[in-house]
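Working notes for the structure below.
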Amino acid sequence: MSQIIRRLGVAPRFRGSTTGGTCPDIFELANGKFAVIGTDMTDSLEADLPADAVRADYERIVVITRETLVRAKADIPDA
């Protein structure tokens with residue numbers, strides 16, 4: 001298991017989540033991977049995946065807001 005080393009973008013409170021009810025977030029892990037907090041939409045989106053996209057049994061399709069990703073863009077490494 002890897003540990004979180006930093007948040008990408010701004011905290012949810014700076015994107016309008018004042019109650020903590022909606023808190024999509026993106027984190028960089030020590031092993032170079034990324035962790036995403038979002039809404040599990042696997043059941044409703046899986047049938048729409050392109051033919052060349054596959055999902056393992058242990059993977060989920062997670063949705064985050066556009067603002068979450070856009071605000072994280074400056075923190076995402078180019079390589």
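For reference, positions follow the sequence shown, starting with 1.
Between V36 and I64, the closest side-chain pair of non-hydrogen atoms falls below 4.5 Å. Side-chain contact between L45 and V63: present, with at least one pair of heavy atoms (C-beta onward) separated by less than 4.5 Å. At a threshold of 4.5 Å between non-hydrogen side-chain atoms, the residues F27 and L8 do not count as touching. Side-chain contact between D25 and T68 is absent, with no heavy atoms from C-beta onward closer than 4.5 Å. Looking only at side-chain heavy atoms (C-beta outward), P24 and I37 stay at 4.5 Å or farther from each other. For the pair D43/R60, a side-chain contact is recorded, criterion being any heavy-atom separation below 4.5 Å from C-beta on. Using a 4.5 Å heavy-atom threshold, the side chains of I61 and E46 count as touching. Annotation: side chain of E28 is not in contact with side chain of S2 (no heavy-atom distance under 4.5 Å).
The two residues D48 and S44 come nearest to each other via the heavy atoms OD2-O, 3.9 Å. Across all non-hydrogen atoms, the minimal contact from A35 to L29 is CB-CD2, 4.0 Å. Counting all heavy atoms, side chain and backbone alike, V62 lies closest to G38 at CG1-CA, 3.2 Å.
At distances below 3.5 Å, at least one donor-acceptor pair connects side-chain atoms of R6 with backbone N or O atoms of D75.
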Between E59 and R55, does the salt bridge (charged side-chain N to carboxylate O under 4.0 Å, His left out) criterion hold? Intermediate values first, please.
CA-CA 6 Å; E59 295 175 322; R55 182 187 66 80; over 6 Å; no
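Distance CD1/I26 to CD1/I4: 12.5 Å, rounded to 0.5 Å.
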